[in-house]
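Below: one structure, written as structure tokens.
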Amino acid sequence: MPATVILGAQWGDEGKGKLVDRLAEQATWVARFQGGNNAGHTVVLGEQILKFHLLPSGITRKECHLVLGDGMVVDPWVLDSELNGWSDTTGEDPRGERLFVSERAHIILPYHRYMDSLDTKIGTTGRGIGPTYADKINRVGLRFGDVAEVLNDGEWAKATVQRMNASLDAAGSQERVSVEGLMSDIEWIHKAYHTSIGNTGLMLDNALKLGEHVILEGAQGCLLDIDQGTYPFVTSSVTSRGNASHGAGIHPGHVKDVIGITKAYITRVGHGSMPTELEDEVGNHLGTVGHEFGTTTGRKRRCGWFDAVVMRHAQRINGFTGLALTKLDVLGGLEELKICVAYELDGKEITELPSTASALARCTPIYISMPGFPEMSLSEWLAMAVHANEAGKGISVLPAAAQQYIAKLEAIVGVPCTSVGVGPDRDATIDCV
Ligand code: IMP
Ligand code: MG
């Protein structure tokens with residue numbers, strides 16, 4: 001079986017966790033390939049609500065192996081606390097059994113968090129992501145594979161601490177790191193992870209050669225991509241398809257399906273323009289009904305209408321083979337639905353995303369209008385989804401206006417929907433037939 005890539009097509013938080021959790025039923029490996037604990041997934045399992053920032057969503061499927069891949073930046077303390085939470089609930093410690101951390105993945109240290117906490121420009125999650133990637137690009141980062149090598153290397157620790165404290169000082173931070181602190185951190189990381197650090201790219205390659213199914217799980221979204229997103233209001237990694245195989249340590253020929261996840265509307269956290277942002281009653285409706293608060297920072301997400309300019313850009317970069325539409329239920333009860341099909345920029349109509357933040361800030365959306373569909377309770381939506389899947393009816397069970405809305409999105413983006421999410425429950429997703 002080939003690998004399937006799951007990517008956010010907007011500014012993140014499209015509902016990847018829930019989709020990966022569902023698809024992991026047919027997978028034996030789920031690997032993350034970029035980002036770190038700036039991501040956050042909520043998985044709802046009946047009464048239980050699980051929140052993960054590093055652990056791939058496939059953890060809920062016992063037979064699934066999990067990889068934190070080469071292209072990631074990993075905070076070992078956050079991973080430890082997620083693993084402790086998991087073993088408290090389930091009694092399982094997957095370290096070295098079915099959870100593996102790439103020897104090439106970079107380590108987020110307290111220094112990186114101190115540096116990130118100084119950010120006022122981007123509205124980062126403050127988890128140390130950008131500074132860790134900066135060290136990687138500057139070729140001074142610490143990788144999991146280095147840990148055993150530097151365990152007793154006082155010279156390395158001294159030089160590293162000197163460099164870190166000089167940066168903290170220059171950046172105006174009051175925080176400082178110490179040689180003893182760094183060396184004891186390294187010792188702890190070694191103890192906690194030596195059984196799970198490995199050549200995860202090779203593991204995935206071998207699994208694929210044996211015919212196993214691998215899911216490559218993206219974090220953040222296309223518009224937060226360092227190259228293809230709304231720079232500089234982006235994250236520090238390549239969130240797109242091109243990096244899915246690369247960041248996992250396998251070649252792109254292994255990948256067959258690429259699923260782009262998109263909400264039936266759009267949201268964003270942090271700074272930077274979002275042309276269809278709504279600061280009115282409809283925006284409130286989306287935020288309240290959709291529970292649009294960040295899993296990682298608890299910040300209120302900015303909400304707006306579906307933006308086809310954004311989606312066309314995401315499609316060009318990623319070549320999605322299918323779209324997973326999420327949170328359609330949230331639109332229920334709105335009389336009129338709008339879809340942004342182009343922007344007006346300095347008196348001209350444009351259909352492509354501008355490359356600069358200042359041009360994007362001057363864009364105003366050009367909308368088409370569609371009829372809305374009625375509000376329903378979560379249990380009504382869930383029952384509808386269960387019936388649709390059991391009877392193999394697909395989205396034909398949805399209200400006519402909802403079907404029209406989906407058909408319009410498919411036509412504008414030029415990619416068919418493979419599933420439609422209508423509620424937070426694992427089973428509240430309709431498989432398109
Ligand atoms: P960083 O990734 O913490 O450096 O944050 C950079 C930008 O990406 C900020 O606007 C964050 O709010 C945003 N961001 C990072 N991770 C996520 C995510 O998983 N979902 C949504 N936004 C994110
Ligand atoms: Mg999220």
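The model shown is predicted, which means the values in this text are computed figures rather than measured ones. In listed order, ligands and their atoms are each counted from 1.
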Using distance alone, determine whether [X] and ligand 1 share an N or O pair under 3.5 Å.
| X | result |
| --- | --- |
| Asp13 | yes |
| Ser236 | no |
| His271 | no |
| Thr124 | no |
| Thr125 | yes |

[X] heavy atoms, cut-off 4.0 Å: which ligand 1 atoms fall inside?
| X | result |
| --- | --- |
| Val269 | 10 (O), 12 (O), 21 (C), 22 (N) |
| Gly270 | 10 (O), 12 (O) |
| Gly123 | 9 (C), 10 (O), 11 (C), 12 (O) |

Check: Which is closest to atom 8 (O) of ligand 1 in terms of heavy atoms, Asp119, Leu224, Thr239, Ile226?
Finding: Leu224
Margin query: Using a 4.0 Å heavy-atom cut-off, which part of Val234 comes near ligand 1: side chain, backbone, both, or neither?
Written below: backbone
Notebook entry, point to check: Is it the side chain (CB and beyond), the backbone, both or neither of Trp11 that lies under 4.0 Å from ligand 1, heavy atoms counted?
Noted result: backbone
Margin query: Can you pull out every side-chain hydrogen bond (donor to acceptor under 3.5 Å, both in side chains) where at least one residue sits in residues 259-276? Sequence neighbours excluded, please.
Written below: Gln10-Thr262, Thr230-Arg268, Lys263-Thr267, Lys263-Glu292, Tyr265-Glu292
May I ask you to check whether [X] and [Y] show a side-chain donor-acceptor distance below 3.5 Å?
| X | Y | result |
| --- | --- | --- |
| Asp21 | Thr60 | yes |
| His213 | Thr4 | yes |
| His112 | Asp135 | yes |
| Lys18 | Thr429 | yes |
| Thr28 | His65 | no |
| Ser87 | Glu92 | no |
| Thr235 | Asn38 | yes |

Please confirm whether [X] comes under 4.0 Å of ligand 1, counting heavy atoms of the residue only.
| X | answer |
| --- | --- |
| Arg127 | no |
| Arg299 | yes |
| Ala219 | no |
| Ala39 | yes |

Checklist line | Charged tip of Arg299 within 45° of Phe293 ring normal and under 6.0 Å | finding: no
Item checked: Passing candidate, side-chain contact (heavy atoms from CB on, under 4.5 Å) with Thr160, options Val150, Val177, Leu182 -> Leu182
